[in-house]
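From a predicted model like this one, the values you see are computed outputs, not experimental measurements.
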Amino acid sequence: MLVSLAVVGFLAFILWLFHRDWRRAAISLTIVLILFYSYGHIYMLLKGANLNGFYLFRHRTLIPIWVGGGFFILWQVRRKPINLATATYTLNLVGLFLLVLPSIQLSSYLLQSWVSQAEAQQNTRALDLNVGEEPPDIYYIILDGYGRADVLKDEFAFDNSDFLNALRDLGFYIADCAQSNYAQTQMSLASSLNFNYVDALSNGFVPGAEDRIRLDFLIHHSAVRESLEKAGYKTVAFATGFIATELTDADYFLGPQQTVGKLNEFEYLLIETTLARLMQDGGRLGKQNSGSELFRERTLFALDKLDKLSYIKGPKFVFVHLIIPHPPYVFGPTGGPVEPAAVGTARTQRGVRQYRDQAIYISSRMMEIVPKIITNSTTPPIIVIQGDHGPTVPSIPQVRMSNLNAYFLPGVNASIYSTITPVNTFRIIFNTYFGQNLELLEDVSLYSSYNHPFSYKLIPNSCKVNQ
């Protein structure tokens, strides 16, 4: 804030030297600030425009237009007779509008959040769990977009049998024909963490609706979390950079520390919307301040800490959402960084390779981490490793719904089956370990696009793996 004020003051002085008139300098300063803070928005709006594959608006073409237009306007302010009172009044109105608009949006968001929270509290009922003398820790590990074995082999030429066999050797059950209930993270986790389909959790999840705020609250204050905390469990969660899965009010919310001189998430997003994104896109802010590095840092932090939580005494519910192998592509197959030019979400042959590389890396890390979690636990823990959905292959919804689903349920004979979906995960866990009698729901996979989240297409399970 102080730096911004200092820069604005310096610009105001320079413009006064240019005009020798404070009112003209103020008008010019307003124009400069509008151009500076709007550049990123305009760039993101126009950067996809192309003519026969030639992109019309990249920095190399937009910057000359922007800078040239800015100088032309400033020159006109200096040379042309201007009704300064009218100009000042007009710019004040523009400034007021720019201030009021986000205030209205913020107020609307807060109101929606309050309504959603009230509804979520009403529709998520904590169970009375029967907890024994040594209740097991519960690890719910989400590998975002990690697909089922047959899908990885057929679509990405990746054989993950070493990973799955390593899990089986530890005592895991692998659901070879698993599917997810939903195609998007928020819907999938809101469902699994409340062991119900989302339309049963809110009357607002209907075709045509776009409000996802309710989904966030259903994840943050889920029936699973509320039930376990009521039974004496502590909740442990990790920073993800994704507001829907950041349980910041958990008993232990863990994330990498912010260091001096390093941009935080808000600052990075702010830079992207301004003229300063030129420095970001050109790597002038340093690799440590890139969006890809933020994802890498959070993921590596969680992977490093996941098997070192034994210092937290008492039973704990560990929720970790790892945004891998899902884009952004920031890991090579051995965990090394990906060059910024290769980071992206392109669904091309390069994207196939990048997804495969991240799947290889996270599989190898899980093979290292999971045995240590089990070894370091006084009571054998419950561990669920699950893809919230599968990978994206254009025009093949079946692939998106085919997810990894692995269960470590020690000491019991749980009724896990090969076609299980996440909605029944905690129904089985609560029935088996905590004395509940929850009826298993029909396993249904409901595909929808991001723009129309609650308009579903039923995806049957056509898995051909030997059951």
Sub-4.5 Å side-chain heavy-atom contact between [X] and [Y]:
| X | Y | answer |
| --- | --- | --- |
| H389 | Q184 | no |
| P422 | N403 | yes |
| Y182 | Y456 | yes |
| Y139 | L309 | yes |
| Q386 | Y146 | no |
| L438 | L127 | yes |
| P391 | E155 | no |
| Y140 | I429 | no |

Gap between atom [atom2] of [Y] and atom [atom1] of [X] - 0.5 Å precision:
| X | Y | atom1 | atom2 | value |
| --- | --- | --- | --- | --- |
| D159 | I360 | CG | CD1 | 10.5 Å |
| Q179 | Q398 | CD | CD | 4.5 Å |
| N437 | N431 | CG | CG | 6.0 Å |
| I142 | T245 | CD1 | OG1 | 9.5 Å |
| F319 | F253 | CZ | CZ | 11.0 Å |
| F430 | I138 | CZ | CD1 | 6.0 Å |

When you measure from the side chain of [X] to the backbone N and O of [Y], does any donor-acceptor pair fall under 3.5 Å?
| X | Y | answer |
| --- | --- | --- |
| R298 | G255 | no |
| D251 | T235 | yes |
| N194 | A190 | yes |
| S377 | I373 | yes |
| R148 | G390 | no |
| N424 | L441 | yes |
| Q358 | H326 | yes |
| R365 | L300 | no |
| D176 | S418 | no |
| N181 | V423 | yes |

Would R353 pass as a cation-pi partner of Y355, given that its NZ or CZ must be under 6.0 Å from the six-membered ring centre and within 45 degrees of the axis?
no

Stacked cation flag R212 on Y450, 6.0 angstrom / 45 deg:
yes

[X] and [Y]: which non-hydrogen atoms are nearest, and at how many Å?
| X | Y | value |
| --- | --- | --- |
| P135 | Y233 | CB-OH, 3.3 Å |
| F158 | R356 | CB-CG, 3.8 Å |
| A166 | M367 | CB-CE, 4.1 Å |
| I385 | I383 | CG1-CG2, 4.0 Å |
| L129 | L228 | CD1-CD2, 3.7 Å |
| A237 | A250 | CB-CB, 4.1 Å |

Please determine whether side-chain contact (heavy atoms from CB on, under 4.5 Å) holds for the pair M366 and L143, giving the CA-CA distance in whole Å, both sets of side-chain angles, and the decisive distance to 0.1 Å.
CA-CA 10 Å; M366 286 292 106; L143 306 183; 4.2 Å; yes

Any ion pair linking E368 and K372 (charged N to carboxylate O, less than 4.0 Å)?
no

Just do the side-chain contact (heavy atoms from CB on, under 4.5 Å) check on Y407 and I428 with the steps written out, would you?
CA-CA 11 Å; Y407 297 84; I428 289 176; over 6 Å; no

Can you list the steps and then say if L306 with I141 is a side-chain contact (heavy atoms from CB on, under 4.5 Å)?
CA-CA 10 Å; L306 192 52; I141 302 172; 4.0 Å; yes

Would S188 and D388 count as a side-chain hydrogen bond (donor to acceptor under 3.5 Å, both in side chains) here? Give the steps.
CA-CA 6 Å; S188 180; D388 52 345; 5.6 Å; no

Ring centroid separation F454 to F205 under 6.0 Å
yes

Report the residues that fulfil salt bridge (Lys or Arg N to Asp or Glu O under 4.0 Å) with K230, sequence neighbours left out, ordered by chain and then residue number.
D128

For D144, all residues meeting salt bridge (Lys or Arg N to Asp or Glu O under 4.0 Å), sequence neighbours excluded
none

Begin with the C-alpha distance, continue with both residues' side-chain angles, and end with the deciding distance and a verdict on side-chain contact (heavy atoms from CB on, under 4.5 Å) for L303 and Y361.
CA-CA 11 Å; L303 292 174; Y361 173 65; 4.1 Å; yes

Distance-only side-chain donor-acceptor flag, S449 / N451, under 3.5 Å:
no

Is the number of heavy atoms from other residues, nucleotides or ligands under 6.0 Å of K153 NZ greater than 12?
no

